[in-house]
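Fair warning: this is a prediction, and the values are worked out from it, not measured in the lab.
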Amino acid sequence: MTMVLEFGLEKVGARLALAIIAIGLSLALVMAVFYQFVIGTLADGRLLVSRDLLEIPVQRFPNSSRLNSRFAQNEIVESERNLARAVLHAQRAINMSPYDYRPRLTLASAQEASGDREAAEATMRKALALAPSNGDVRWRLANLVIRQGNVAASLDHFKAAIAYNGTLLGTTLDLIWRASGGSVDALTEVTGEEPTQKLKLARFLLQQSRVSEAIAVMASVDRSDRLASPDSPAFLNSLIAAGEFNAAQRLWTSLVDADGPGGPAASLMWNGGFESDILKDFSQFDWRFDQSEYARLIIDSTTSHTGSRSLRIIFAGRDTTNFDNAIKQLIVVQPGASYTIECYVKTSNLETSEGPRI
């Protein structure tokens, strides 16, 4: 069934009335578009808009939650600010958009800047109730709480913020370290059990000269995770640079020696027969080869004394061959002890007035 509505506009008055209505609707539509454009542009946080520039628009469009909130934000950061006015406009924005958490963040900033941290915290908690999974809300609440000196109450919020944005961990560790007076327990709690985060905690503790705690955190991470992380070689290098050779060697051995205690790394020199591949980034206590203009170094799998490999040195035949530090290994020794180095040498077509010496 089809229904057709017909309007007779034969009279001039009816036509004129319709034209006026159409023009009115068009103007209303244009004004609505203009209204949205002005508010959207001025409320865009990516644009630098001064407080003074916002005064007229916020008076012209007093019912805009976004403009009121932006005006309050700008008022807070002005050098000659009026915090009472910032609170007023932030509260207006909240009244117009009661389910939007963002104006409450602005109100909390204005309240804290006014010295009323308790009110700021209450406002932030209302924002959190509206956006419980928002990492930014968690981060700002955590900072507010820790500025009040309540480290314990801030930890859960910091932890949630880090889960949302892992790059916040470094700043968080520094904040908690200073606020807690160097509490390793607080740092451990906020870091959690995620391997990447624990490795960053280990490096942070090492930077604070808490060597034993740093090593304990590093050792608690699964071996495969440590081998895969760029933080592990950096941690070992930092230990060596700090003169912690024994600790560095024990930790390094636990990484590269899959056989565990009593395996190949149990001897003083690691990989003496060149049987194991040198792991990339983990050569701290393994062989290191440097380029030399006098000879070429290769691992030879065709000749060996024991096992299946040996080191082949192919001399370039240049006069006054100097081979210092071309191949080396860092070995931890004890003061006052005597050590013997034993090696086996095989030569081929070597013509020299003075043979190679170790």
Side-chain angles (χ1 to χ4, degrees), residues 43-46 51 54 65-192 194 197 200-201 204 208:
D44 190 340
R46 296 170 297 181
R51 172 195 59 186
L54 285 170
S65 173
R66 296 169 64 190
L67 274 182
N68 276 278
S69 183
R70 183 69 191 277
F71 185 84
Q73 292 171 13
N74 286 18
E75 186 72 70
I76 293 171
V77 299
E78 287 287 337
S79 56
E80 297 181 2
R81 61 188 181 181
N82 184 333
L83 292 175
R85 187 161 64 161
V87 170
L88 173 65
H89 283 277
Q91 189 61 63
R92 283 182 182 175
I94 292 171
N95 294 340
M96 286 179 275
S97 299
Y99 300 109
D100 187 351
Y101 72 91
R102 290 169 295 183
R104 297 184 189 275
L105 301 183
T106 303
L107 177 60
S109 296
Q111 290 170 328
E112 185 181 13
S114 302
D116 193 350
R117 286 185 171 174
E118 290 186 3
E121 182 178 346
T123 300
M124 284 294 301
R125 293 191 180 279
K126 290 179 180 179
L128 180 62
L130 293 171
S133 300
N134 187 282
D136 183 53
V137 177
R138 290 279 193 173
W139 173 253
R140 294 180 65 167
L141 178 56
N143 277 270
L144 177 60
V145 171
I146 204 170
R147 283 195 292 270
Q148 293 178 274
N150 195 344
V151 176
S154 72
L155 297 182
D156 284 342
H157 299 301
F158 274 124
K159 194 171 183 178
I162 293 167
Y164 176 79
N165 181 359
T167 62
L168 296 173
L169 178 61
T171 303
T172 299
L173 293 177
D174 186 62
L175 283 171
I176 294 175
W177 180 260
R178 290 186 283 109
S180 66
S183 171
V184 177
D185 290 339
L187 296 182
T188 302
E189 181 176 345
V190 78
T191 300
E194 205 279 320
Q197 307 290 40
K200 293 187 183 302
L201 171 60
F204 178 84
Q208 311 309 318

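Residues Trp139 and Asn165 form no side-chain contact, since every pair of their non-hydrogen atoms from C-beta on lies 4.5 Å or further apart. Annotation: side chain of Ile94 is not in contact with side chain of Lys126 (no heavy-atom distance under 4.5 Å). Counting only heavy atoms from C-beta outward, the side chains of Glu112 and Arg147 approach each other to under 4.5 Å. Side-chain contact between Tyr164 and Arg138: absent, with no pair of heavy atoms (C-beta onward) separated by less than 4.5 Å. Looking at heavy atoms from C-beta onward, Phe158 lies in side-chain contact with Asn143 at the 4.5 angstrom threshold.
In terms of modelled atom types and a separation under 3.5 Å, the side chain of Ser154 and the main chain of Val151 share a donor-acceptor contact.
Distance check, rounded to the nearest 0.5 Å: CG of Asn68 to CG of Asn95 gives 9.5 Å. Atom CG of residue Leu175 and atom CG of residue Leu187 lie 10.5 Å apart, to the nearest 0.5 angstrom. If you take CZ on Arg102 and CG on Asn134, they are separated by 9.5 Å, rounding to the nearest 0.5 Å. Between Asp185 atom CG and Ile176 atom CD1 the span is 12.0 Å, to the nearest 0.5 Å. Gln91 contributes atom CD, which lies 11.5 Å from atom OG1 of Thr106 (distance to the nearest 0.5 angstrom). Tyr99 contributes atom OH, which lies 9.0 Å from atom CG of Leu130 (distance to the nearest 0.5 angstrom).
Taking each heavy atom of Ala153 and Val145 in turn, the nearest pair found is CB-CG1, 3.7 Å. The shortest non-hydrogen separation linking Gln197 to Gly166 is NE2-CA, 3.9 Å. Scanning both residues, Val87 and Ala110, for their nearest heavy atoms gives CG2-CB, 3.7 Å. Residues Leu105 and Ala127 come closest through the heavy atom pair CD2-CB, 4.0 Å. Heavy-atom minimum distance, Ala120 versus Ala108: CB-O, 3.4 Å. The two residues Ala142 and His157 make their nearest non-hydrogen contact at CB-CB, 3.6 Å.
Shown here is Arg140, whose CZ atom has more than 12 heavy atoms of other residues, nucleotides or ligands within 6.0 Å.
The pair Arg117-Glu121 does not count as a salt bridge, with every side-chain nitrogen at least 4.0 angstrom from each carboxylate oxygen.
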task: Evaluate the side chain to side chain contact (heavy atoms under 4.5 Å, CB included) criterion for residues Val190 and Leu173: first the C-alpha distance (whole Å), next the side-chain angles of each, then the deciding distance (0.1 Å), finally the verdict.
output: CA-CA 8 Å; Val190 78; Leu173 293 177; 4.3 Å; yes

